2 protein chains.
Amino acid sequence: MPKNNRYFRIMIDPKLLRGSLDTIILKLLDEHGEMYGYEITQKVKEITAGEIKLTEGALYPALHRLEGKGILTTEMRSIGNRMRKYYRLTESGQEEVVQKLSAMDEFIKSIQLILNPKIA
Amino acid sequence: MPKNNRYFRIMIDPKLLRGSLDTIILKLLDEHGEMYGYEITQKVKEITAGEIKLTEGALYPALHRLEGKGILTTEMRSIGNRMRKYYRLTESGQEEVVQKLSAMDEFIKSIQLILNPKIA
DNA sequence: TCTTAGGCATAGCAACCTTAGGTATCTATT
DNA sequence: AATAGATACCTAAGGTTGCTATGCCTAAGA
């Protein structure tokens, strides 16, 4: 029994997430304007009713990568004695979201064609 | 312009495929009973109207991996002077397909919740 | 003859996720 | 007061796994 499964519920196999993480991040930032890392993990958990849990070891490197590419910018803010690093889309990030979303859409359609030939 | 894009059409970003390749292979084998490698690449291309193209460098290692796990068995057959290696699901492979398919289904639902909050 | 299609395979590379740890603050419970 | 859990950031090591490039071979067609 894996540690992260202590709630005895079925979770999404993290391997499936490979390739979709950036899209998820960008979409959430597009929707909410700005978010900090921890907030993103919580939002994903909330939306998917716990099915998808972003690990920090995946999230933070991804955020840094996207920032490095000029897709995101950051701003540090102190909340009490805590520091939060807020991320938001740059202009090129805005374009990136559109592309990523349509790419993901195409991908899902194609996968459906293979996996659910009757429906699709 | 990447080599594999010489037909000047939009293709699925191969990165999205990460994590889904095994499921695709297993589903096709489940549906067709037995298939050989090249046949799988063609079938995927056909079903998805060219959107998804499995590279051989991805497919063959994946097939060998699945065989190594006991999920697939193989049988060589000579067609004329050509050799074909046919793959089919083992019993444990049959169970694996069911699990993989429902996992993929859950995953797509969850992704939809994030990316298309209005629809889902 | 040269190219394209069919058919298999591997080595090296790169991406990136998981695991596992580290630091620190705040709140609630014991 | 001590402990635990949530909040909040981060990184290193290791492993999985797809892609690129390449190799070998046969068959068919221009």
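Note that these values count all heavy atoms, side chains included, but never hydrogens, waters or copies made by symmetry. These figures come from a predicted structure and were not determined experimentally. Chain naming here is simple, since letters A, B, ... match the order of the sequence lines and numbering starts at 1 in each.
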Taking CG from B:L59 and P from C:dA9, how many angstroms apart are they, rounded to a whole number? 10 Å

Grab the CG-C1' distance between B:L17 and C:dC17 for me, whole Å please. 17 Å

Measure from CG on A:L63 to P on D:dT11 and round the result to the nearest Å. 11 Å

Mind checking who shares a hydrophobic cluster with A:M76, ILVMFWY linked at side-chain heavy-atom distances under 4.5 Å? A:M83

NZ or CZ of B:R77 within 45° of B:Y86 ring axis and under 6.0 Å: yes

Looking at C:dG7, I'd like to know if its phosphate oxygens (OP1 or OP2) sit under 4.0 Å from a side-chain N or O belonging to B:Y36. yes

Sorted by number, residues from residues 70-85 of chain A placing a heavy atom under 4.0 Å from DNA chain D are A:R82, A:M83, A:R84, A:K85

Considering residues at least two apart in sequence or located in another chain, which fulfil the side-chain hydrogen bond (donor to acceptor under 3.5 Å, both in side chains) criterion with B:S102? none

Atom pair distance, as rounded to whole Å: OH in A:Y38 and P in D:dA6: 8 Å

For A:E39, give me all partners under side-chain hydrogen bond (donor to acceptor under 3.5 Å, both in side chains), at least two apart in sequence or on another chain. none

Considering all heavy atoms, the nearest A:L21-A:A62 contact: CD2-CB, 3.8 Å

Rounded to whole Å, how long is the line connecting atom CE of A:M35 with atom P of D:dT7? 14 Å

In whole Å, what is the span from the NZ atom of A:K53 to the C1' atom of C:dT18? 15 Å

Touch check for B:G37, heavy atoms < 4.0 angstrom, all strands: base, sugar-phosphate only, or nothing? sugar-phosphate

Pick the nucleotide of DNA chain C nearest each of B:Q42 and B:H64; which residue has the one closer to the 5' end? B:Q42

Does OP1 or OP2 of D:dC19 have a side-chain N or O of B:T55 closer than 4.0 Å? yes

Of all residues at least two apart in sequence or in a different chain, which pass the side chain to side chain contact (heavy atoms under 4.5 Å, CB included) check with A:S20? A:M104, B:F107, B:I111

Considering heavy-atom distances to DNA chain C, does B:E39 or A:P61 have its closest nucleotide positioned more toward the 5' end? B:E39

For residues 87-101 of chain B, pull every pair meeting side-chain hydrogen bond (donor to acceptor under 3.5 Å, both in side chains), keeping only residues two or more places apart or in separate chains. B:E34-B:R88

A:L16 atom CG is separated from D:dT16 atom P, nearest whole Å, by 17 Å

Interatomic distance where CD belongs to B:E67 and P belongs to C:dT10 [whole Å]: 11 Å

Let's see if you can work this out: which of D:dT17, C:dG7, D:dT11 has an atom nearest to the side-chain heavy atoms of A:Y60? D:dT11

